[in-house]
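Residue numbers count from 1 along this sequence. Remember, it's a predicted structure, so these values are computed and weren't measured experimentally.
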Amino acid sequence: MDAESLLLSLELASGSGQGLSPDRRASLLTSLMLVKRDYRYNRVLFWGRILGLVADYYIAQGLSEDQLAPRKTLYSLNCMEWSLLPPATEEMAMQTSVVKGRFMGDPSHEYEHTQLQKVHEGEKVFEEEVVVQIKEETRLVSIIDQIDKAVAVIPRGALFKTPFGPIHVNRTFEGLSLSEAKKLSSYFHFREPVELKNKTLLEKADLDPSLDFLDSLEHDIPKGSWSIQMERGNALVVLRSLLWPGLTFYHAPRTKNCGYIYVGTGEKNIDLPFML
């Protein structure tokens, strides 16, 4: 959700219980504007909150003028002081995939994982147990990246692609119509397209290259991983991810008001295919 319309956005997303106390809201309003100014971001999004056992991580993201350029992610424990996180890598994802359970809420906390490594001594090869230390900050970076790639959502038309390549905010976007807002195909993943590159020319023939340049949610696997509901007498459409419980996307049809927020434990629902 855009930091500039934070209070309205939190109100629209409040149906899922993703509320913040008045003092947290006031702190976020002030500090996120300072983050935007100090880091010279084009836009700042309040990404959400990852719940920890000792403290919660409040997450924000800074976007450049090209909306699909790599985002800068920051975290705070008090909504006032923000720390920049390093970019996510495949090595981080591999390293943290063995960590299960809740976050502690302490960036310096280290998880211990025992793994077997092959050791060569002359011609003999034997396995030895090695204890690996994994920092919680590294796990935080990896989980945020996974959630972004899997369930960050934007409505069709909110962004447009210029003939030269960069992706910009569509200033003429006035929201989806009520009938379009009820369709899962009207919503796209807010990341670089993956499935679109595999489509044939025939499948791309009906697509508008300036608007349909992202992957649609309707082809997500497993099928049924999104819950779409109309609230407030059809004045608000809400999408909830069943794969990453805690991710809520909201859009008020025929208005520019849209965004998403994640409030959860940072744990993926790996049992979802068996629950559908």
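Looking only at side-chain heavy atoms (C-beta outward), Pro193 and Phe188 stay at 4.5 Å or farther from each other. No side-chain heavy atom of Tyr262 sits under 4.5 Å from any side-chain heavy atom of Asp148.
Tracing side-chain contacts under 4.5 Å through hydrophobic residues (I, L, V, M, F, W, Y), one reaches Leu243 starting from Leu184; they form part of the same cluster. In the hydrophobic cluster analysis, where Ile, Leu, Val, Met, Phe, Trp and Tyr join through side-chain heavy atoms closer than 4.5 angstrom, Met33 is grouped apart from Val44. In this structure, Leu211 is not a member of the same hydrophobic cluster as Phe173, with clusters built from ILVMFWY side-chain heavy atoms closer than 4.5 Å. Note on Phe190: it clusters hydrophobically with Ile59, by side-chain heavy-atom contacts below 4.5 Å among ILVMFWY residues. If you chain together hydrophobic residues whose side chains sit under 4.5 Å apart, Leu45 and Met80 never meet in one group.
Atom CG in Leu10 sits 7.5 Å away from atom OH in Tyr250 (nearest 0.5 Å). Here the straight-line distance linking atom CZ of Arg139 with atom CD of Glu110 works out to 14.5 Å at 0.5 Å rounding. The CG atom of Asp38 sits 10.5 Å away from the OG atom of Ser31 when rounded to the nearest 0.5 Å.
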Donor-acceptor list for residues 83-93 side chains, cut-off 3.5 Å, not counting sequence neighbours:
unit_1: Thr89; atom_1: OG1; unit_2: Met92; atom_2: N; d: 3.2

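Looking at Glu4 and Lys36, a side-chain N of the basic residue comes within less than 4.0 Å of a carboxylate O on the acidic one, giving a salt bridge. Asp2 and Arg43 are joined by a salt bridge, as a carboxylate oxygen and a charged side-chain nitrogen come within less than 4.0 angstrom of each other. Ion pairing between Arg232 and Glu11 holds under the 4.0 Å rule for side-chain N and carboxylate O.
Under the 3.5 Å distance criterion, the side-chain polar atoms of Ser5 are left unmatched by any main-chain donor or acceptor of Leu8. Proximity of a side-chain donor or acceptor of Ser225 to a complementary backbone N or O of Ile221 within less than 3.5 Å is not detected. Distance alone, capped at 3.5 Å, is enough to place a donor-acceptor pair between the Tyr187 side chain and the Ala181 backbone. In terms of modelled atom types and a separation under 3.5 Å, the side chain of Tyr58 and the main chain of Trp47 share no donor-acceptor contact.
Nearest heavy-atom pair, His189 versus Lys149, reported as atom, atom and distance to 0.1 Å: ND1-O, 4.1 Å. Among all heavy-atom pairs drawn from Val151 and Ser241, the shortest one is CG1-OG, 3.3 Å. Taking all atoms of both residues into account, the shortest heavy-atom contact from Thr96 to Ser142 is OG1-OG, 3.2 Å. Taking all atoms of both residues into account, the shortest heavy-atom contact from Gly105 to Glu136 is N-OE2, 2.8 Å.
Using a 3.5 Å distance cut-off with no hydrogens or angles, the side chains of Asp66 and Ser64 do not pair a donor with an acceptor.
Classification of the Tyr41-Tyr39 ring pair by plane angle, with boundaries at 30° and 60°, yields parallel.
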